[in-house]
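Throughout, protein chains are lettered first and strands after them, A, B, ... in sequence-line order, and every chain is numbered starting at 1. Side chains included, hydrogens not; waters and symmetry mates left out as well; all remaining heavy atoms used.
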There are 2 protein chains.
Amino acid sequence: MAPSSAREKIIHAAMELFWLKGYNSTSIADLLSRTQLNSGSLYHVFPSKQDVLIGVLEAYRDGIEEMLLAPAWGEIDDPIEKIFALLNAYRAMIVESDCAYGCPIGSLALELHEPDLQVRELLAHNFTKWTAAIELCIEAAGKRLPRGVDKVALAQFVLTAMEGGVMQARTHRDVAYFDRTIAQLRAHFDLLQATAKAKA
Amino acid sequence: MAPSSAREKIIHAAMELFWLKGYNSTSIADLLSRTQLNSGSLYHVFPSKQDVLIGVLEAYRDGIEEMLLAPAWGEIDDPIEKIFALLNAYRAMIVESDCAYGCPIGSLALELHEPDLQVRELLAHNFTKWTAAIELCIEAAGKRLPRGVDKVALAQFVLTAMEGGVMQARTHRDVAYFDRTIAQLRAHFDLLQATAKAKA
DNA sequence: CCGTTGTTTGAACGATCAATCAACATCGAT
DNA sequence: ATCGATGTTGATTGATCGTTCAAACAACGG
């Protein structure tokens, strides 16, 4: 690990702390003790705490391919299996944290009740990039899905299932809630594929 | 409106403020100015801020029938339509708040990162009562749904769709994201009903 | 009228928060 | 060696947070 700049250190620590404790519950002091920096250094790089958040959201946005999609997909080729492999990566995150933490973007999206325009747009952009990746999978599935299917809506539905499943698993501290949600989504995809086949 | 007790005033104000601003961002001072009470009065009724939260979650839990289900269902009899009528009630909440606020329980569930056991159990209980109501609808739908369908999982899937749809609508400040999610859920129910019919 | 019990008052407390800034260190360029 | 630019130090600030408590007040039975 190369000696990272103050900026990188802060972003790295903030990504973890915001995920663990949320934005409001993470104090500047938390970030300083974690990074071994002083407040002046932090404020030299980021004008305010919100700018740290913006940096974090930009890092998630720019890293979605290599940090999330690539590790989740590995050698998987089948487009529909790629969707469920991504969902399985979230499952692993849930299990790893004993059902305490879920999707960092989703948590922030619900925690920040009146975010600035810039923050809200970054949250939205993160969601959009996520669903765009799913959309590509759906497109690649081609004729296995019915002709008339709304690809945008279906991709957003996958995100919905992930976020809703994560929320319930976290609340009940039980992955089974996530698993049942994904099983239902799988059933939905199976039904779609069956109808596509029937019409062919 | 009868002269309510201090306890009722605080719970009422807290339900609104926690919904609008979240738990952490709502200060005791906010509650006091809203209720025109003094801090001593509040702490005479609730030992701590967390006890206010507990009171709020109990109020939601105990009021789900008459505050949520009854108004949403009105004169609707068809069990499957009752499900979508409930979802439509959430849609109305989203629109009314200009896509700023969603499900109060879901927001709290994601905002509180390390809640006490009692708080977590109350959050979970709220979800459970919600899905139990959906489960009754699914059961009432009887043979319109396939025999082997997992009723518990399907009910939780409805909650998933609601929470995920609300989250996206809030983040994008656009109800269309909620609508697309519900449309997908409707498609899922339609497919289930079609297969139930085909097998009959 | 007194005494008792239950409730309200609101100033005050210590903790913690995000943010500041004058002084200081580092270092490449000249 | 000197200088300016760039980055760092960390004590300090003022605001706000949840919470406390001695004193005052209200209601009511005896």
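- Of the candidate nucleotides D:dT19, D:dG10, C:dC17, C:dC17 has the atom nearest to the side chain of A:Ser27.
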Enumerate donor-acceptor pairs with a distance under 3.5 Å from any side-chain N or O in residues 51-67 of chain B to protein atoms, sequence neighbours excluded.
| from | atom 1 | to | atom 2 | distance (Å) |
| --- | --- | --- | --- | --- |
| B:Asp51 | OD2 | B:Ser48 | N | 3.2 |
| B:Asp51 | OD2 | B:Ser48 | OG | 2.8 |

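- When the nearest nucleotides of DNA chain C are assigned to A:Ser41 and B:Ala6 by heavy-atom distance, the more 5′-ward of the two goes with B:Ala6.
- Rounding to whole angstrom units, CG of residue A:Leu32 and P of C:dC17 are separated by 11 Å.
- The side-chain heavy atoms of B:Arg91 and B:Ile182, taken from C-beta on, include no pair separated by under 4.5 Å.
- Counting non-hydrogen atoms of neighbouring residues, nucleotides and ligands closer than 6.0 angstrom, the CD atom of B:Glu81 exceeds 12 such neighbours.
- Distance NZ (A:Lys49) to C1' (C:dT20): 17 Å, rounded to an integer number of Å.
- Applying the 4.0 Å criterion to OP1 and OP2 of C:dA19, one finds that A:Tyr43 has a side-chain N or O inside that range.
- Whole-Å rounding puts the A:Leu42 CG to C:dT20 C1' distance at 13 Å.
- As judged by a 4.0 angstrom heavy-atom cut-off over every strand, B:Thr26 is placed among residues touching the sugar-phosphate backbone only.
- B:Ile28 places its CD1 atom 16 Å from the P atom of D:dT16, with the value rounded to the nearest Å.
- For D:dG7, the OP1/OP2 oxygens have a side-chain nitrogen or oxygen of A:His44 closer than 4.0 Å.
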- Checking salt bridge (charged side-chain N to carboxylate O under 4.0 Å, His left out) for the pair B:Asp30/B:Lys21: CA distance, chi angles, key distance, verdict? CA-CA 10 Å; B:Asp30 287 335; B:Lys21 312 178 44 167; 2.8 Å; yes
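- The side-chain contact (heavy atoms from CB on, under 4.5 Å) search around A:Leu86 returns A:Leu68, A:Leu69, A:Ala72, A:Trp73, A:Tyr90, A:Trp130, A:Ile134, not counting sequence neighbours.
- With distances taken from any side-chain atom of A:Asn38 to the nucleotides C:dT9, D:dT9, D:dC17, the minimum falls on D:dT9.
- At a threshold of 4.0 angstrom between heavy atoms, the contacts of B:Ser39 include nucleobase atoms, whether or not backbone atoms are also involved.
- Taking atom CD1 on A:Ile10 and atom C1' on C:dA18, their separation rounds to 14 Å, with Å as the unit.
- B:Phe46 places its CZ atom 15 Å from the P atom of D:dT20, with the value rounded to the nearest Å.
- Closest-nucleotide positions on DNA chain C for A:Asp30 and A:Gly40 were compared, and the one nearer the 5' end corresponds to A:Asp30.
- Atom CZ of A:Arg7 is separated from atom P of D:dT8 by 13 Å (rounded to the nearest Å).
- Straight-line distance from the OH atom of B:Tyr23 to the C1' atom of D:dC17: 12 Å, rounded to whole Å.
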